[in-house]
Amino acid sequence: QQLQQQQQAHGIIVPLSDFEISLHAIKEGGYTLETFVVRPYDSDLEIEAVSFVASWLRQTEDELKPSARYLKLILDGALARGLASEYIAWLNTTYDAATPE
């Protein structure tokens, strides 16, 4: 599956072996592994990458919310890696699973 031009995802690209990916797959139940073509910030380089995507079994709004601990890890990592300020602002408006909207 290829991201449409309007869609965006933010993160880092980490090289992993097939074995390492399989270990993560065991720990990440409820997700499917999908292949995307990604482009780093300010680059024309296109890289094929895989990502864990919530499966149709986990598509309700409450099931997609991260825990407060995981949300903090995502935000801390985004800040440390210099991800886009728009993404960090969006993370700051994201509610964790325990916070009622």
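Note that this is a predicted model, so its numbers are computed, not measured.
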Query raised in the report: Which heavy-atom pair separates L91 from A78 by the least distance, and what is that distance?
Result: CD1-CB, 3.9 Å
Report task. Look up atom CH2 in W90 and atom CG in L75, then write down how far apart they are to the nearest 0.5 Å. Result -> 11.0 Å
Report task. Measure the shortest side-chain to side-chain distance between F52 and L33 over non-hydrogen atoms and say whether it is less than 4.5 angstrom. Result -> yes
Query raised in the report: Under a 4.5 Å side-chain heavy-atom rule over Ile, Leu, Val, Met, Phe, Trp and Tyr, are V50 and L16 clustered together?
Result: yes
Query raised in the report: Is the count of non-hydrogen atoms from other residues, nucleotides or ligands lying under 6.0 Å from N92 atom CG greater than 12?
Result: yes
Query raised in the report: Between atom CD1 of I47 and atom CD1 of I13, what is the distance when rounded to the nearest 0.5 Å?
Result: 4.0 Å
**Report entry** Cluster link F19 to I26, ILVMFWY, side chain under 4.5 Å
**Finding:** no
Requested in this report: For I88 and L83, work out which heavy atoms get closest and say how close.
Outcome: CD1-O, 3.5 Å
Query raised in the report: From D76 CG over to L71 CG, what is the distance, rounded to the nearest 0.5 angstrom?
Result: 9.5 Å
Query raised in the report: So, for L45 and P40, which heavy atoms are closest and what is the spacing to 0.1 Å?
Result: O-CD, 3.3 Å
Report task. Kindly assign one of parallel, tilted or perpendicular to the pair Y41 and H10, based on the angle between their ring planes and the thresholds 30° and 60°. Result -> tilted
